[in-house]
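Taking it in order: structure first as structure tokens, then the write-up.
Everything quoted here is computed from the prediction, not taken from an experiment. Heavy atoms only: backbone and side chains are in, while hydrogens, waters and symmetry mates are out.
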Amino acid sequence: MRLLSGTTLIITNCTLQFDAGVSIICEPGSYMQVVNATLTNSTTTAWRGIRLIGNPVNTFGSGATCELHGATIRNSYTGIEAAMGSTVSSVYSLFDANVVGIELGTGGIWNAISFTIAETRFTSSTNLIAQCSTLPIQGLTKPLAGIIAKNIGTLDMTPFVSPSTVAFDNLNNGIVSTRGNCIVNNCKFEEIRNYDMHSFNYKGWSLRKWGFK
């Protein structure tokens, strides 16, 4: 499924199931909203997730937009993958049993990404299912991380709805932030540990940050 620039997709009050490795691809200038709906797998292998394609202009608001309200994203490789210029918002939502819940930014370049979050949980209610063989991370039983942020300047985890909590539990890592600032307020971390004895630089951290730029 691909959203072209200028198009809108609103998913409400339903469950959508996706085949192994399938993505919802949102091109710069497109808008996607998921309200009280579940996006999950249809087979024993995970789907790819929502992918917001970057805009080379790389200014805030120049890319695709994805808003979640009361949404569940389950059994994907990356729940939401957002590149340059993207806008991501999550409130009253659940990321369950994804290798990574939300990945913001790409390596090697600063990313202008707008991100807001409130009353959202990152967890794994079951062990991870099999991943598409073409994807690099394989063999984990628990999610690698709730949120990974790469080169986005400042990751502000302060909930925009008050009172509100952002929760991370039953994960290998909670938040991983590289080459940027990180502000954490009203976040809760439980059962974060190195479940899979994996070889990544971050192992069992509630918050892992390095490489400030």
Check whether any side-chain heavy atom of [X] sits under 4.5 Å from a side-chain heavy atom of [Y], and report yes or no.
X      : Y      : value
Thr40  : Gln17  : yes
Ile50  : Ser23  : no
Glu27  : Arg2   : yes
Leu3   : Met32  : yes
Ile53  : Ile25  : yes
Val100 : Asn98  : no
Arg51  : Ile24  : no
Val99  : Leu128 : yes

Is there a donor-acceptor contact under 3.5 Å linking the side chains of [X] and [Y]?
X      : Y      : value
Asp169 : Thr123 : yes
Glu119 : Ser164 : yes
Asp156 : Thr158 : yes
Thr120 : Ser93  : no
Asn186 : Thr165 : no
Asp96  : Ser125 : yes

Side chain to side chain contact (heavy atoms under 4.5 Å, CB included) for Glu67 and His69? Distances and angles first, verdict last. CA-CA 7 Å; Glu67 296 181 353; His69 193 290; over 6 Å; no
From [X] [atom1] over to [Y] [atom2], what is the distance, rounded to the nearest 0.5 angstrom?
X      : Y      : atom1 : atom2 : result
Gln33  : Thr65  : CD    : OG1   : 11.0 Å
Ile148 : Thr78  : CD1   : OG1   : 7.5 Å
Asn36  : Asn13  : CG    : CG    : 5.0 Å
Leu39  : Thr72  : CG    : OG1   : 8.5 Å
Lys188 : Ser206 : NZ    : OG    : 12.5 Å
Cys187 : Phe168 : SG    : CZ    : 5.0 Å

Output side-chain donor-acceptor pairs under 3.5 Å for residues 138-145, partner residues at least two apart or in another chain, one line each.
| unit_1 | atom_1 | unit_2 | atom_2 | d |
| --- | --- | --- | --- | --- |
| Gln138 | NE2 | Cys132 | O | 2.8 |
| Gln138 | NE2 | Leu135 | O | 2.8 |
| Thr141 | OG1 | Asp196 | OD1 | 2.6 |

May I ask whether [X] and [Y] are part of the same hydrophobic cluster, defined by side-chain heavy atoms of I, L, V, M, F, W, Y residues being less than 4.5 angstrom apart, directly or through others?
X      : Y      : result
Leu94  : Val35  : no
Leu171 : Ile129 : no
Val34  : Tyr92  : no
Leu68  : Phe115 : yes
Val166 : Val91  : no

One pair to check against side chain to side chain contact (heavy atoms under 4.5 Å, CB included): Thr87 and Ile113. What are the steps and the verdict? CA-CA 6 Å; Thr87 300; Ile113 294 177; over 6 Å; no
Could you walk me through whether Ile73 and Ile80 satisfy the side chain to side chain contact (heavy atoms under 4.5 Å, CB included) test, starting with their C-alpha distance in whole Å, then the side-chain angles of each, then the deciding distance to 0.1 Å, before giving a yes or no? CA-CA 9 Å; Ile73 298 182; Ile80 298 176; 4.1 Å; yes
Minimum heavy-atom separation for [X] and [Y], please, with both atom names.
X      : Y      : answer
Tyr77  : Ala46  : N-CB, 4.3 Å
Leu52  : Ser86  : CB-OG, 3.5 Å
Arg48  : Gly21  : CB-O, 3.4 Å
Trp110 : Ile152 : NE1-C, 3.7 Å
Asn111 : Ala83  : OD1-C, 4.2 Å
Gly79  : Ser76  : N-OG, 3.2 Å

For Met157 and Asn185, what are the C-alpha separation, side-chain angles and deciding distance, and is it a side chain to side chain contact (heavy atoms under 4.5 Å, CB included)? CA-CA 6 Å; Met157 292 296 300; Asn185 289 303; over 6 Å; no
Below 30° counts as parallel, above 60° as perpendicular, anything between as tilted: where do the rings of Trp47 and Phe18 land? parallel
Is Tyr31 atom OH crowded by more than 12 heavy atoms from other residues, nucleotides or ligands, each under 6.0 Å away? yes
Using modelled atom types and a 3.5 Å cut-off, is there a donor and acceptor pairing between side-chain atoms of [X] and backbone atoms of [Y]?
X      : Y      : result
Ser5   : Pro28  : yes
Asn55  : Gly85  : no
Asn173 : Ile175 : no

